[in-house]
Amino acid sequence: MPVRLPSRHPFLPIALQSLTHRLIAWSMALLAAFAIGMAQAQAAAPNHIAAQLVAENTVQPGQATTLALDMHPSQGWHGYWLNPGDAGLGLQLTWHLPAGASAGTPQYPVPETLVVGGLMNHVYQSDYALLVPFTVPADARPGGTLPISVKAEWLACTEQICVPESADLSTTLKISAFPAQHDARFDAWRAKLPAPLGSQAHIAVQGDTLRLGIPFPASATLERPHVFSADERAIDYAAPQSFARSGDTLIVTLKRAQGAAANPAGFNAVLRLNRNGDGLTIAAVPGPVPTDGTPIDTAATDAPPKPSPLPLLVLAAIAGGLLLNIMPCVFPILSLKALSLARAGESEAEARVEGLAYSAGVIVTCAGLGALLLALRAGGQQVGWAFQLQEPGVVAALLLLAVAITANLLGLFEFLTPSFASQGGALPGKRNTARGAFITGLLAAFVATPCTGPFMAGAMGAAVLLPFAPAMLLFVALGFGIALPFLAIAYIPALRRALPKPGPWMGWFKKAMAVPMGLTALGLFWLASRLGGWSFAGACLVFAIVLVGILTNLGRTQRVTLGGGLQALGQIAVLALCAATFLPRTVHAPSAEAEGLLPTQPFSQQALDQALAQGHPVFAYFTADWCLSCKVNERVAIEREATRDAFAKAGVVVLKGDWTRRDPAITRYLTTRGAAGVPLYVWYGRGAASTPQSLPQVLTPKTLTDLASR
């Protein structure tokens with residue numbers, strides 16, 4: 001039966017209010033326990049929190065994997081953390097497992113606070129997942145399956161009523177001699193788990209308060225901090241919590257619960273760090289805690305950060321797109337842009353048609369990628385700008401496309417559409433001009449968008465946090481900025497007259513542009529090896545050679561007759577189907593790289609916190625193999641002997657975040673720094689008072705050496 005929660009009466013005396021709170025909590029626990037015992041009679045009623053049991057991947061005999069209880073509360077309903085707070089009931093699990101299998105202790109994401117009638121509840125008001133370590137029996141047979149089932153019982157509540165619910169959940173785990181790719185949802189679920197503190201925290205009891213001393217860098221930011229006690233009846237959950245800093249120690253003062261142990265042997269809790277739900281697990285023991293510190297205004301940190309005005313963000317997106325035309329990462333596509341520029345002088349009408357079509361292609365690509373990015377993030381995926389180049393299949397498709405364009409520029413065959421690369425040759429009509437310009441815009445934007453240039457970083461970082469409509473406006477503005485030079489040429493006669501006139505030189509220019517396009521194909525081949533391994537890259541090379549053969553045969557046919565196009569398209573379709581079927585879909589594990597001049601450590605939040613706690617300056621840089629501007633910065637400013645010597649003298653710790661493959665931890669850090677992609681360079685100075693400094697996306701040889709010498 002539903003249980004109604006009495007609301008707090010504002011005129012009750014304080015002592016009576018406290019007694020009322022305790023009676024409510026005891027009554028809720030007793031009623032919930034009784035109701036769960038009657039849950040069998042209510043099994044026909046639909047649950048207000050839908051639950052599903054999910055296995056992460058196939059697993060080898062005797063190895064461990066992870067199970068997830070995926071929970072989806074209905075609108076207005078919530079579930080509870082392991083310690084529900086003043087009222088409620090945590091999840092109860094009864095496992096039914098094969099002999100030799102074992103399920104560990106569930107891991108909970110960081111909860112939210114909900115105060116109802118003066119009672120503090122530790123809840124989840126949106127979708128959440130509990131992760132459970134699971135060990136497979138050593139005698140499990142490869143190729144077989146392992147049935148897993150669990151009886152789950154929980155309390156689902158609104159702010160007015162609570163209903164006990166239960167479900168019999170089951171899944172099947174595949175046993176394999178070789179591990180397989182895991183379910184990508186687990187990356188998002190793990191990202192919501194509190195991270196281990198990594199250092200020893202201490203507690204000190206003083207009267208009716210419990211003071212908690214947590215090693216926490218003074219440079220690290222806090223937003224809406226709250227301590228969730230995993231130990232029941234240790235603190236007063238609803239009492240205010242005060243936070244202060246003493247150097248690199250965070251001091252939290254908590255009110256002890258009535259009847260709490262006079263000398264607790266320890267204190268287990270989760271510290272929420274910000275409104276995004278990031279947190280730390282704390283296992284504190286008795287020890288020294290500073291008696292004073294600088295108070296933290298938690299009321300101020302609770303206010304949401306004020307975003308930049310939308311008009312300024314739109315202007316930044318346009319400026320970022322405009323500057324993207326001269327960024328190094330855009331150079332591989334300049335051959336297509338240059339040919340479009342050369343053709344733009346043929347006539348005013350053709351120039352305007354081509355300018356509009358090219359702009360439409362660019363904007364469609366930016367808007368499409370932006371919409372897909374927002375959809376993936378809404379679904380819990382930790383992705384950022386240029387996420388498409390983290391997928392081996394996308395890189396393979398781009399490689400084959402770059403090979404086809406190179407073959408066209410070399411004259412092995414003629415595109416029927418687009419006609420941007422012809423010498424006024426095959427089928428040179430306005431319709432083909434517009435179609436070719438549109439496809440050029442699609443491809444130009446797709447290849448150009450992986451890099452983050454000046455102005456663009458702030459706009460794209462805001463786009464992943466804004467609601468859908470203003471976010472899409474920023475993606476469209478970015479596309480408009482990329483297309484702006486071509487649009488200006490199309491509508492400003494003086495700019496058009498400054499361009500060279502079409503002529504025979506275009507044939508030579510076309511062949512010359514095959515060089516950068518061929519280098520693009522080589523770069524994509526190398527990137528394929530980085531993402532999918534050399535076997536994946538070798539398979540891509542085989543498909544590329546077959547594609548060149550098909551296109552060369554098409555070119556021979558075109559020299560005799562206009563036919564052969566449909567046959568070639570059919571062959572290319574079969575080739576694409578074979579590639580989609582036989583190319584591996586998994587991302588290759590990163591291979592050991594040759595050590596560069598600058599000693600680096602892989603980026604992690606734990607490594608960053610440890611370096612800061614030890615008093616070291618820290619240079620954290622985030623790069624990807626597909627980001628050309630990242631590689632230019634590394635060659636110009638990072639991987640230099642002068643930088644290495646300056647960093648060694650200053651004791652700088654260098655953390656490298658490789659975002660070539662999807663990495664939820666790096667994506668999460670990029671988001672916290674207001675960046676949606678790479679490159680990102682962050683400098684942490686020495687000392688407790690240091691605050692992180694985001695460096696420009698274009699580094700000079702002296703940028704880092706000057707910072708280290710301060």
Side-chain angles (χ1 to χ4, degrees), residues 70 72-77 109 112 124-129 184-185 187-189 191-192 223-224 274-278 303-321 324 359-391 394 441-442 445-446 448-453 455-484 659 662 664 666-678 680:
D70 188 15
H72 298 270
S74 300
Q75 182 69 31
W77 292 79
E112 308 166 65
Y124 301 104
Q125 301 184 83
S126 58
D127 296 348
Y128 64 102
R185 291 176 294 176
D187 291 333
W189 291 333
K192 296 182 180 298
E223 181 189 22
R224 296 182 62 187
N274 50 47
R275 65 174 57 248
N276 292 330
D278 297 323
K306 186 178 181 180
S308 299
L310 185 59
L312 291 181
L313 291 174
V314 171
L315 291 177
I318 294 174
L324 207 58
S359 301
V362 171
I363 292 173
V364 165
T365 296
C366 290
L369 289 174
L372 182 57
L373 168 64
L374 295 177
L376 290 173
R377 291 182 68 90
Q381 296 291 319
Q382 291 288 335
V383 296
W385 192 241
F387 66 94
Q388 69 274 12
L389 290 184
Q390 297 172 325
E391 300 295 333
V394 174
L442 291 175
F446 193 74
T449 48
C451 281
T452 303
F455 300 108
M456 179 182 165
M460 293 299 98
V464 299
L465 301 175
L466 288 173
F468 182 79
M472 287 303 300
L473 179 60
L474 294 182
F475 291 123
V476 170
L478 174 68
F480 178 75
I482 296 174
L484 193 56
W659 207 46
R662 189 176 300 179
I666 292 178
T667 306
R668 191 163 59 252
Y669 181 85
L670 293 174
T671 302
T672 61
R673 296 299 307 168
V678 293
L680 175 67

A.B. asks: What residues, two or more places apart in sequence or in another chain, satisfy side-chain contact (heavy atoms from CB on, under 4.5 Å) together with Ala477?
C.D. replies: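 For Ala477, the residues satisfying side-chain contact (heavy atoms from CB on, under 4.5 Å) (neighbours in sequence not counted) are Val314, Ala317, Ile318.
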A.B. asks: I need the minimum non-hydrogen distance between Tyr128 and Pro73, along with the two atoms involved.
C.D. replies: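 Heavy atoms of Tyr128 and Pro73 come nearest at CE2-CG, 4.0 Å.
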A.B. asks: Do Gln125 side-chain atoms and Glu112 backbone N/O form a donor-acceptor pair below 3.5 Å?
C.D. replies: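 Judged by distance alone, no pair lies under 3.5 Å.
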A.B. asks: Of the non-hydrogen atoms in Ala471 and Leu374, which two are nearest, and what is the gap between them?
C.D. replies: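 Heavy-atom minimum between the residues: CB-CD1, 3.7 Å.
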A.B. asks: Once rounded to the nearest 0.5 Å, what's the spacing between atom CH2 of Trp659 and atom CG of Leu670?
C.D. replies: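 So the CH2 of Trp659 and the CG of Leu670 are separated by 5.5 Å.
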A.B. asks: So, using ring-ring contact (aromatic ring centres under 6.0 Å, His included) as the criterion, who are the partners of Tyr669 when residues are at least two apart?
C.D. replies: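 Partners of Tyr669 by the ring-ring contact (aromatic ring centres under 6.0 Å, His included) criterion, ordered by chain and then number, come out as Phe603, Phe622.
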A.B. asks: Going by the side-chain contact (heavy atoms from CB on, under 4.5 Å) test, name the single residue among Ile482, Val476, Leu484, Leu478 that passes it with Phe480.
C.D. replies: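 Looking at Ile482, Val476, Leu484, Leu478, the match for Phe480 under the side-chain contact (heavy atoms from CB on, under 4.5 Å) is Leu484.
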